[in-house]
Amino acid sequence: MKILITGGAGFIGSHVVRLFVEKYTNYHIFNIDLLTYAGNLENLKDIEGKPNYTFIKGDITNEVFINELFEKHKFEKVIHLAAESHVDRSIKDPLAFVKTNVIGTMVLLNAFKNTWKDSFKDKLFYHISTDEVYGTLGQIGLFTETTAYDPNSPYSASKASSDHFVRAYGETYGMPYVITNCSNNYGQNQFPEKLIPLFINNIIHNKPLPVYGDGNYTRDWLYIKDHAVAIDLVFHKGINHETYNIGGFNEWKNIDLVKLLCQQMDEKLNRPKGTSEKLITYVKDRPGHDLRYAIDASKINKELGWKPSVTFEEGLNKTIDWYLNNETWLNNVTSGDYQMYYQKQYN
Ligand code: NAD
Ligand code: TYD
């Protein structure tokens, strides 16, 4: 089976590519990635020589290129992760998100449809989405698969739009698809623009920890490897035209999470208790900041038997260890353009 994974050099994509290449030696995994600031082939160094793996540098918004690629390889299944993924960047440059997340998804959908329109038997377009499409929760309640879409950021609006197109291709052309909407991921290889790796990097360098607003925003955190396992399960056992919510059963207020992170970092770095917490700095809030995300993952739990395998404390511990042991990776991704991004975003 030929599987195209898009965005495989990014955070989640690289874990999914590795899992599939190592576990399914009878599949051939093609990873297409543009290698934007968020894509990094260092993430896949350990598997780059495997015979069932091919990397292709390319842009999913390039229609001619994508059509030719499908014509040449006839990918039977697609796992689509490539995206612009950071909310703060979407506030500064929304059009880039429409281009990659909406147009890019459309280009892939068209190529997939045109390749298999005579028979979609045993084919699959698996679209990876986010819980942010549901908008924000108040203090209570959970997002279920039937919660109405109500996106608030240009990022979540672009992801919502792409989800709708996937569904529309399913209804209109009979294209087989599944969609998963996942909560906030954390773990090794995450680009240090997102909360947890950004704050780990800042603590290492004794830099301020910029907490947006009052810090009382809530997210539901899931360890990356548990997300990759869920994707494997949905890919193989998910029901055609179904959506599954994936979450960590693990809600944290940002400020509580940051304090836990500070404690763990002080221990690892042999700094006196309370050192890292002193770096906490409340800064101007993010515009349109969603108050709370929390996933009801009972459908994937009951129907496919999935549940997270690590506690948050364990996952965070592994994550910190990885960043401390991979200083070169961290230094490489935070040199150059990152410094400019950081200045613009936080000063
Ligand atoms: P990421 O930003 O780390 O990686 C995105 C990857 O896509 C990068 O490797 C980048 O080079 C590639 N890419 C960007 N534009 C491209 C283009 N035009 N053509 C080809 N490749 C391109 O993102 P991530 O955190 O790994 O997220 C992956 C997917 O999962 C996204 O669709 C995101 O919306 C979704 N998701 C992420 C989270 C999370 O917490 N990170 C949660 C739920 C869903
Ligand atoms: P983030 O990792 O950007 O994920 P998302 O916005 O997709 O949930 O942010 C997680 C939470 O942390 C969110 O409520 C915003 C907050 N946050 C800060 O307080 N400071 C920061 O510097 C960043 C990047 C995020």
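Excluded from the calculations below are hydrogen atoms, water molecules and symmetry mates; all remaining heavy atoms, backbone and side chain alike, are included.
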S.K.: Do the rings of Tyr149 and His164 sit parallel, tilted or perpendicular, given the 30° and 60° boundaries?
M.R.: tilted
S.K.: Check whether NZ of the Lys or CZ of the Arg Arg89 lies under 6.0 Å from the centre of the six-membered ring of Tyr37 and within 45 degrees of that ring's axis.
M.R.: yes
S.K.: Looking at residues at least two apart in the chain, or sitting in another chain, which of them share a side chain to side chain contact (heavy atoms under 4.5 Å, CB included) with Lys225?
M.R.: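 Side chain to side chain contact (heavy atoms under 4.5 Å, CB included) list for Lys225, sorted by chain: His15, Gln188, Tyr223.
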S.K.: What residues form a salt bridge (Lys or Arg N to Asp or Glu O under 4.0 Å) with Glu145, not counting sequence neighbours?
M.R.: none
S.K.: Quick one: do Ser162 and Asn101 satisfy side chain to side chain donor-acceptor pair (under 3.5 Å)? Show the steps, please.
M.R.: CA-CA 6 Å; Ser162 65; Asn101 301 357; over 6 Å; no
S.K.: Provide the closest heavy-atom pair for Leu222 versus Ser183 in the form atom of the first, atom of the second, distance.
M.R.: CB-OG, 4.0 Å
S.K.: With Lys113 as the cation and Phe70 as the aromatic partner, state whether NZ or CZ is under 6.0 Å from the six-membered ring centre and within 45° of the axis.
M.R.: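 Negative - Lys113 is either too far from the ring of Phe70 or too far off its axis.
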S.K.: Centre-to-centre under 6.0 Å for Phe97 and His86, is that the case here?
M.R.: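 Ring centres of His86 and Phe97 not closer than 6.0 Å.
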S.K.: Does a donor on one side chain and an acceptor on the other come within less than 3.5 Å for Thr105 and His80?
M.R.: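 There is such a pair between these side chains.
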S.K.: Please verify the inter-ring angle class for Phe20 with Tyr27; under 30° counts as parallel, over 60° as perpendicular, anything in between as tilted.
M.R.: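 Tilted, since the angle between the ring planes falls between 30° and 60°.
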S.K.: Tell me whether Lys253 forms a cation-pi arrangement with Tyr217, defined as NZ or CZ under 6.0 Å from the six-membered ring centre and within 45 degrees of its axis.
M.R.: no
S.K.: With ring centroids as reference points, do Phe125 and Tyr177 lie under 6.0 angstrom apart?
M.R.: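 No, ring centres 6.0 Å or more apart.
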S.K.: Just to verify, what does Glu242 make a side chain to side chain contact (heavy atoms under 4.5 Å, CB included) with, not counting sequence neighbours?
M.R.: Ile239, Tyr244, Lys299
S.K.: Would you call Glu251 and Arg292 a salt bridge, using N to O less than 4.0 angstrom?
M.R.: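 Yes.
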S.K.: Under a 4.0 Å threshold between the charged nitrogen and the carboxylate oxygen, would Lys57 count as salt-bridged to Asp33?
M.R.: no
S.K.: When you measure from the centre of the six-membered ring of Tyr293, is the NZ or CZ of Arg219 under 6.0 Å away and within 45° of the axis?
M.R.: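 Yes; both conditions hold, so Arg219 lies above the ring face of Tyr293.
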S.K.: To the nearest 0.5 Å, tell me how far Lys72 NZ sits from Phe30 CZ.
M.R.: 8.5 Å
